[in-house]
Structure formats: structure tokens, C-alpha cells
Amino acid sequence: MKYNKIGIVGCGNMGGAIYRSLQSRKIDVIGFDPYLDPKKAEGMILESDWSNFQKKADLIILAVKPAEVSKTLRSLEAPKAILSVAAGIDTKILSSSAPSGSKVVRIMPNLPILVGKGALGYYGDKELYESLKEIFSPISYCLELSKEELVDAVTGLSGSGPAYVLRFIQSLAEGGVASGLTYSQALELSIQTVIGGAELLAKELEKNPDTHPEVLKNKVTSPGGTTIAGLEELEKNKFPFAIISAVKRATERSKELGN
Ligand SMILES: NC(=O)c1ccc[n+]([C@@H]2O[C@H](COP(=O)([O-])OP(=O)(O)OC[C@H]3O[C@@H](n4cnc5c(N)ncnc54)[C@H](OP(=O)(O)O)[C@@H]3O)[C@@H](O)[C@H]2O)c1
């Protein structure tokens with residue numbers, strides 16, 4: 001790694017998960033979060049003095065709430081390399097708030113980063129991209145974006161997407177309950193079905209990057225069988241349209257909130 005010590009400002013859900021991942025890989029990391037519940041801070045090295053923290057950390061990961069970002073950056077005493085995961089705060093705001101000469105990258109992560117299965121998009125100073133990938137790729141799929149506007153699309157898809165998937169799992173389970181399974185049986189089957197479907201597609205894509213989800217779907221859809229009967233209901237109830245609209249609306253909402 002180009003940077004010797006990674007500093008994490010804000011060690012809550014997001015910052016804490018990144019901290020634990022770096023710690024488990026023996027990467028030198030230090031946190032700054034005067035407000036963190038001591039129980040959650042167990043095993044973390046936290047610097048309590050902001051000036052000392054800045055002297056020690058040569059790359060900073062900013063994981064405070066969006067409302068705290070500008071104030072935090074304005075209080076930096078010298079230019080820094082900064083990776084920000086704050087939703088809705090663009091590189092213009094990051095650069096203008098941080099001391100001149102700082103390098104900034106904006107990252108849009110999602111919640112499954114907490115279990116090492118995140119998906120994120122990033123945009124900013126290319127000089128930081130290698131370090132970003134070293135830090136995040138063990139816990140997240142990382143997509144380099146060609147322009148900053150696409151951060152809104154990432155927000156609408158993978159940022160908000162875990163909620164859509166959870167809603168889908170819940171509906172799948174309710175369908176199982178309506179068909180006679182207990183809720184816990186149905187929930188477990190639903191979770192495994194989503195994990196299995198996603199892993200199957202991922203493995204096929206590794207073998208053949210041109211694999212289309214429809215090709216796999218057709219393999220499990222026999223003529224006149226149960227799956228086509230179920231799929232017909234999804235089409236009738238505009239399931240594909242609902243998902244596409246959800247991503248587009250969440251993308252628009254991300255733009256509205258950023259403006
Ligand atoms: N969680 C997600 O799924 C998710 C997804 C995408 C992006 N993000 C972004 O990630 C960032 C962090 O979210 P989170 O869910 O991890 O929030 P969080 O759990 O509230 O963590 C933020 C931590 O930073 C502390 N803090 C506040 N001001 C600080 C300061 N000036 N210096 C140091 N620490 C400070 C907070 O203390 P207090 O609680 O006292 O404020 C809290 O412990 C946000 O900007 C969010 O937009 C989160």
C-alpha cells in the first residue's frame with residue numbers, strides 16, 4: 001500500500017466495518033470518533049486528539065454522516081488524501097472544504113459491506129484508485145465510474161438495492177406461508193434461493209461473460225411447468241417494470257437530494 005497508516009474518521013456502521021476489515025488484514029489503521037459507544041470500539045485503536053490523528057494518518061477515510069462532512073474537512077490542518085463514503089456529498093464540495101492540495105475520491109457503498117459483500121461505485125482523483133481498491137475490494141465489488149453523475153445511478157441501484165432485495169425476500173417468504181410453509185421455513189428457503197440464484201449467475205458469468213440471466217432462467221423453466229406458471233404471474237403484475245421504475249426513481253431522488 002502506498003499509504004502507511006489509514007485513518008478512519010467516524011467509526012460507526014460503515015467506518016467500523018472498514019476498520020475491522022483493515023485490522024483483520026494487518027493493515028495499519030487508526031480511528032477517530034469521540035462519540036463512539038465504547039462497546040462498539042472494543043479492540044479498535046482510537047486517537048482522541050484530532051491533531052494527533054491527522055499527523056498519524058496519511059490517508060483518511062471519511063465515514064461521518066453527510067451533515068458533518070464539510071465541517072470535518074474544514075478542520076483539517078494540512079492537505080490529505082481523502083476517501084469519502086458520505087452519501088450525496090460530491091467531489092466539488094469535498095475539494096472545496098478540504099485544505100487546498102488535498103486529493104479526494106467519492107465512494108457510494110452499500111450496507112452489505114458490513115458482511116464483506118458490498119457493491120460500490122467511485123469517482124475522483126485517479127491517484128487514489130489503487131489504494132481504494134486495496135482497501136475496499138476484499139469487502140466489496142468496486143466499480144470505477146467514468147463521470148460523477150453516475151454516482152446517482154449507483155445510489156439508485158446498489159445503494160438502495162439491498163432494501164429491494166430484502167423486500168423481495170419478504171414477499172417470497174410470504175408466498176411460501178400462503179402456500180403452507182411456516183414463516184421460518186419460508187424465510188430460510190427465500191434467503192437461500194436469492195443467494196443461490198445470484199451465485200449461479202456470477203459463476204456462469206465468470207465462465208462466459210456473455211451469459212444472460214434469461215439463458216439461465218430458461219434452463220429452469222420447463223414447458224407447461226410450475227416455473228413458467230409463476231413467471232407468468234410476475235409478468236402480469238409488472239414485476240420487471242416495478243424494479244426498473246424503483247431504480248430510476250431512487251436515482252432521481254438521489255439527484256434531488258444532491259441539488
Ligand atoms: N450505513 C450505510 O448503509 C451507508 C451506505 C452508504 C453510505 N453511507 C455513508 O456512510 C457514512 C456513515 O454512515 P454510518 O451508517 O456508518 O453512520 P454512523 O453509524 O452514525 O457512524 C458515523 C459515526 O461518526 C461519528 N461522528 C460524528 N461526527 C464526527 C466527527 N466530527 N468526527 C468523528 N466522528 C464523528 C458518529 O457519532 P454520532 O453518532 O454521535 O454522530 C458515529 O459514531 C454516512 O455519510 C453515510 O452517508 C452509509
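First listed ligand is number 1; within each ligand, the first listed atom is number 1. Position 1 is the first residue of the sequence; numbering continues from there. Small disclaimer: the values here were computed from a predicted structure and weren't measured.
One option in I107, V69, D33 has a heavy atom closer to atom 23 (C) of ligand 1 than any other, and that option is D33. Taking only non-hydrogen atoms, the option from F53, Y35, W50 nearest to atom 40 (O) of ligand 1 is Y35.
A heavy-atom separation below 4.0 Å is not found between G159 and ligand 1. The shortest separation from a heavy atom of P34 to ligand 1 is under 4.0 Å, placing the residue in contact.
In terms of protein heavy atoms, atom 48 (C) of ligand 1 is closest to M14 CE, 3.8 Å. Counting protein heavy atoms only, atom 15 (O) of ligand 1 is closest to N13 ND2, 3.4 Å. A87 N, 2.9 Å is the protein heavy atom nearest to atom 47 (O) of ligand 1. Atom 21 (O) of ligand 1 has its closest protein heavy atom at G12 CA, 3.2 Å. At the shortest separation from atom 22 (C) of ligand 1 among protein heavy atoms lies A63 O, 3.5 Å. With hydrogens left out, the protein atom closest to atom 11 (C) of ligand 1 is V64 O, 3.4 Å, a heavy atom. Looking only at heavy atoms of the protein, atom 33 (C) of ligand 1 is closest to F32 O, 3.4 Å. Nearest protein heavy-atom neighbour of atom 8 (N) of ligand 1: V85 O, 3.7 Å.
Checking S21 against R25 by side-chain atom types alone, a donor-acceptor pair falls below 3.5 Å.
Heavy atoms from both the backbone and the side chain of K65 come within less than 4.0 Å of ligand 1. In M108, the part holding a heavy atom less than 4.0 Å from any atom of ligand 1 is the side chain.
Backbone and side-chain nitrogen or oxygen atoms of N110 are examined, and none is located within less than 3.5 angstrom of a nitrogen or oxygen of ligand 1.
Rounding to the nearest 0.5 Å places CZ of F136 at 15.5 Å from OH of Y141.
Numbered from 1 in the order shown, with element, the atoms of ligand 1 that lie under 4.0 Å from a heavy atom of V9 read 32 (N), 33 (C).
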